[in-house]
Amino acid sequence: MLEHLLAFLVSLSLAAGVQVTGTPAVLPSATELPSAENKILLTAPKKLHAESMGIGTASPSVFVADVATSQVLYAKRPHDVQSIASLTKLMTAMVILDAQLDLDEPITIVKSDLKDELRVIFAEGDVIKRRDLLKALIVGSVNAAGNALARSSLGQKEFVAAMNQKARQLNLASPVFVDPVGIDPDNRASAADVAALMSLSLSYPEIRKIAAMSSVNIPTAAGEVHTVKSTNLLLNSFLNDGSFNIVGAKTGSLPEAGYCMAQVTSDKTGHEVVVVSLGGPDHFSRFQDVKALTAWVFDNFAWQ
């Protein structure tokens, strides 16, 4: 399985152009290698309407691909390297899980964990299990959760080094990480590499289980419960109504990054499409771009 994923990731730099079809991409599949049970998920989609070249997007950099076969379906400036804000947390979650730490270990929130928090949810002295901090990180993009996870595992400096090391191990050329939460604009990557990160993160069962939750309740050892709501407005759209289902998503924004989003959506037969939008001009444009691109793919491609 690992060799299969790395073979895709090595060739990521080959996917380019404004609109590409039939070109091998590099997205790590959330499925296992081909079998009778998942063969349908490994069938490349065929374009139904040759004249449909895609849609206009407000975001300057987008990337769209079929997850199971890694076929690129649409791309616009997919290799422009830019600030990715809280999309950084996809790598943070993977490094935490790679460390195979006790997810039930209680972690005490300290003052330094709160320094990057834009929406105050946790308080200094809160004692929260590592698995619940992971939920807050992914669902609500809580910066304090990411800082606490990094600090309590390797220490923040060593943790960031591990994030960059993992990117190199996956042969992803563009990602550079300087903190575990994305508050620094120097956390950077391309849309194509973010698509790989989004898809690969969902191959972790723990992440896949929580990445599409609309909210999570985070209990503390003192008996308080913090409710953390998802940052993904598309959970209430037609992309999550049963005909389609949002498998997982991550949002991010900074003045230097604009408004960013990565999402994997499946149709009712289980075909998954990843869409990444970087550098959107406003809060709502990223959701509109991801929604429209996902709808365009399912309207214009068919899986045999």
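Note that these values count all heavy atoms, side chains included, but never hydrogens, waters or copies made by symmetry. The structure displayed is predicted, hence computed values, not measured ones.
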D289 (side chain) donor-acceptor with A58 (main chain) under 3.5 angstrom: yes

Side chain T57, main chain S59, donor-acceptor under 3.5 Å: yes

Working to the nearest 0.5 Å, report the span between [atom1] of [X] and [atom2] of [Y].
{"X": "I96", "Y": "Q100", "atom1": "CD1", "atom2": "CD", "value": "12.5 Å"}
{"X": "I138", "Y": "I210", "atom1": "CD1", "atom2": "CD1", "value": "3.5 Å"}
{"X": "K76", "Y": "S61", "atom1": "NZ", "atom2": "OG", "value": "8.5 Å"}
{"X": "D98", "Y": "Q169", "atom1": "CG", "atom2": "CD", "value": "8.5 Å"}
{"X": "S230", "Y": "K250", "atom1": "OG", "atom2": "NZ", "value": "8.5 Å"}
{"X": "S285", "Y": "M261", "atom1": "OG", "atom2": "CE", "value": "11.5 Å"}

Mutual orientation of the aromatic rings belonging to F122 and H226 [parallel < 30°, tilted 30-60°, perpendicular > 60°]: perpendicular

Close side-chain approach of L254 to S83, heavy-atom, < 4.5 Å: yes

Cluster check V127, L134: I/L/V/M/F/W/Y, side chain < 4.5 angstrom: no

Verdict with reasoning, S266 to N245, per side chain to side chain donor-acceptor pair (under 3.5 Å): CA-CA 5 Å; S266 70; N245 290 287; 4.6 Å; no

Does a donor on one side chain and an acceptor on the other come within less than 3.5 Å for [X] and [Y]?
{"X": "K229", "Y": "S214", "answer": "no"}
{"X": "D126", "Y": "T220", "answer": "no"}
{"X": "T251", "Y": "T231", "answer": "yes"}
{"X": "N232", "Y": "Q263", "answer": "yes"}
{"X": "D267", "Y": "W303", "answer": "no"}

Pair [X] + [Y], salt bridge at N-O below 4.0 Å:
{"X": "E105", "Y": "R130", "result": "yes"}
{"X": "D80", "Y": "R77", "result": "yes"}
{"X": "E124", "Y": "K115", "result": "no"}

Side chain to side chain contact (heavy atoms under 4.5 Å, CB included) between L114 and V120, worked out: CA-CA 8 Å; L114 303 169; V120 178; 5.9 Å; no

Criterion side chain to side chain contact (heavy atoms under 4.5 Å, CB included) on L137 and L149, from CA distance to verdict: CA-CA 9 Å; L137 179 81; L149 287 167; 4.1 Å; yes

Intermediate values then yes/no, side chain to side chain contact (heavy atoms under 4.5 Å, CB included), F238 and S243: CA-CA 8 Å; F238 71 91; S243 298; over 6 Å; no

Audit row: D132, K129, salt bridge (charged side-chain N to carboxylate O under 4.0 Å, His left out) steps and yes/no: CA-CA 5 Å; D132 291 321; K129 289 183 179 180; 6.0 Å; no

Side chain to side chain contact (heavy atoms under 4.5 Å, CB included) assessment of L172 paired with L197: CA-CA 9 Å; L172 298 178; L197 289 174; 3.8 Å; yes

